[in-house]
Amino acid sequence: MGFGLLLVGYITAFIITLGLGNYLFAGMLIGGFLMFLGLCELRKYCPTFLYALIANVFLILCSFYETAAWFDGILLLNSPIASTFVLRVFDWIEIAINLIFNITLLYGIADLSRRVEYPETREKAYRNMIFVGVFNVFQILMLIPNTIFDRDKGFFMTLLLIVQIIYAVFNAFLIFKCYAMICPEGEEDMKRKPSRFEFVNKMREKQDEREQRAIESTKEYFEKKLEKRNQKLNNQGQKRTHNHKKKK
């Protein structure tokens with residue numbers, strides 16, 4: 001449906017890149033293309049994902065610029081694209097595009113969840129929007145010179161990173177929930193495709209067995225409980241009938 005590619009792309013672009021340092025652009029570029037493919041599929045089922053798809057194109061363009069700026073620094077070309085002014089302007093543009101992409105992506109998930117009647121994922125999508133908003137407001141304040149954040153830059157940068165990790169992990173987990181729970185109409189009862197790796201198939205079989213045993217145990221528990229309740233009601237009915245006859 002597209003959530004699989006979207007999940008891998010999002011993790012690559014927004015989580016793995018946190019540990020890439022100067023090579024962040026590579027993760028964003030690869031992740032951007034994977035998300036593009038996933039969003040193209042999702043747009044077929046929910047047109048609202050078109051907004052996230054458009055924002056994703058700009059994310060990819062930003063990654064191309066960062067790649068060009070990186071090569072300019074490596075080759076010592078000193079071209080205008082890597083000037084201090086351009087880089088500062090690019091920082092603001094990148095913040096805006098990241099914000100728009102994450103908000104439109106979460107809005108698409110919320111709209112799709114509404115269509116398929118999954119209120120849980122819809123509520124979590126709106127909740128994650130708050131985390132995204134807090135992160136971006138925090139990031140903007142960090143870029144403004146001569147503020148309270150300049151007094152202890154290291155502390156606030158660490159705090160900013162923590163907020164970024166939280167919203168990125170929450171969004172990735174939400175996409176995973178959609179991947180696991182939402183499928184195209186008519187595929188609800190389709191069997192899972194076997195993996196090429198035998199150990200994965202064995203793990204899945206054991207998990208399915210555990211889930212089936214849990215379902216059967218739960219069913220048996222409620223059946224016994226219902227049977228006891230019915231028996232108790234019957235006994236109470238018989239007792240009332242017996243008492244009524246004695247009074248007569």
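Along the sequence shown, residues are numbered consecutively beginning with 1.
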Worksheet, complete the sentence: Separation between CG (L105) and CG (L6), nearest 0.5 Å, reads 5.5 Å
Worksheet item: Are R114 and E117 close enough for a salt bridge, meaning some N to O gap below 4.0 Å?
Response: no
Practice prompt. Kindly work out whether a path of hydrophobic side-chain contacts (I/L/V/M/F/W/Y, heavy atoms less than 4.5 Å apart) joins I16 to Y179.
Written response: yes
Worksheet entry | Shortest non-hydrogen contact between D111 and C46, atoms and distance | OD2-SG, 3.4 Å
Discussion item. Between F101 and L53, is there a side-chain heavy-atom distance shorter than 4.5 Å?
Written reply: no
Discussion item. I need the L34 CG to L5 CG distance, nearest 0.5 Å.
Written reply: 6.5 Å
Worksheet item: Rounded to the nearest 0.5 Å, how far apart are CG of L160 and OG1 of T158?
Response: 9.5 Å
Worksheet item: Are V163 and I103 linked, directly or through other ILVMFWY residues, by side chains that come within less than 4.5 angstrom of each other?
Response: yes
Worksheet entry | Sequence-distant partners of Y167, ring pair (Phe, Tyr, Trp, His ring centres under 6.0 Å), two or more places apart | F135
For residues 54-63, tabulate all N or O donor-acceptor pairs below 3.5 Å that involve a side-chain atom, not counting sequence neighbours.
| unit_1 | atom_1 | unit_2 | atom_2 | d |
| --- | --- | --- | --- | --- |
| N56 | ND2 | G32 | O | 3.1 |
| S63 | OG | L59 | O | 3.1 |

Worksheet item: Are the side chain of N98 and the backbone N or O of E94 linked by a donor-acceptor pair below 3.5 Å?
Response: yes
Item to complete: Specify the closest pair of heavy atoms between M35 and G9, including all atoms of both residues, with the distance to one decimal.
Response: CG-C, 3.6 Å
Worksheet item: With a 4.5 Å limit on heavy-atom distance, are the side chains of E41 and F49 in contact?
Response: no
Item to complete: Supply the atom-to-atom distance I175 CD1 to L42 CG, rounded to the nearest 0.5 angstrom.
Response: 9.5 Å
Discussion item. Test of understanding: with side chain to side chain donor-acceptor pair (under 3.5 Å), list the residues that count as partners of T104, not counting sequence neighbours.
Written reply: none
Discussion item. Return the CD to CG distance between Q164 and N136, rounded to the nearest 0.5 Å.
Written reply: 9.5 Å
Practice prompt. Sequence neighbours left out, what pairs pass salt bridge (charged side-chain N to carboxylate O under 4.0 Å, His left out) with at least one residue falling in residues 26-36?
Written response: none
Worksheet item: Which heavy atom of L7 sits nearest a heavy atom of A172, and at what distance?
Response: CD1-O, 3.3 Å
Counting only pairs under 3.5 Å, give me each side-chain donor-acceptor contact of residues 121-134, with atom names and distances, residues two or more places apart or in other chains.
| unit_1 | atom_1 | unit_2 | atom_2 | d |
| --- | --- | --- | --- | --- |
| T121 | OG1 | S113 | OG | 2.6 |
| T121 | OG1 | Y118 | O | 3.1 |
| K124 | NZ | E120 | OE2 | 3.1 |
| N128 | ND2 | F170 | O | 3.3 |
| N128 | ND2 | N171 | OD1 | 2.9 |

Worksheet item: Of all residues at least two apart in sequence or in a different chain, which pass the side chain to side chain contact (heavy atoms under 4.5 Å, CB included) check with V137?
Response: L141
Worksheet item: Taking a hydrophobic cluster as the set of Ile, Leu, Val, Met, Phe, Trp and Tyr residues connected by side-chain heavy atoms closer than 4.5 Å, whether directly or through intermediates, do L50 and Y107 fall within one such cluster?
Response: yes
Discussion item. Quick check: do T48 and L112 have side-chain heavy atoms less than 4.5 Å from each other?
Written reply: no
Item to complete: Go through the structure and list residues passing ring pair (Phe, Tyr, Trp, His ring centres under 6.0 Å) with Y10, not counting sequence neighbours.
Response: F14
Worksheet item: For the atom pair CG (L106) and CG (L174), what is the distance rounded to the nearest 0.5 Å?
Response: 6.5 Å
Worksheet, complete the sentence: So the salt bridge (charged side-chain N to carboxylate O under 4.0 Å, His left out) pairs with at least one residue in residues 8-17 (sequence neighbours excluded) are none
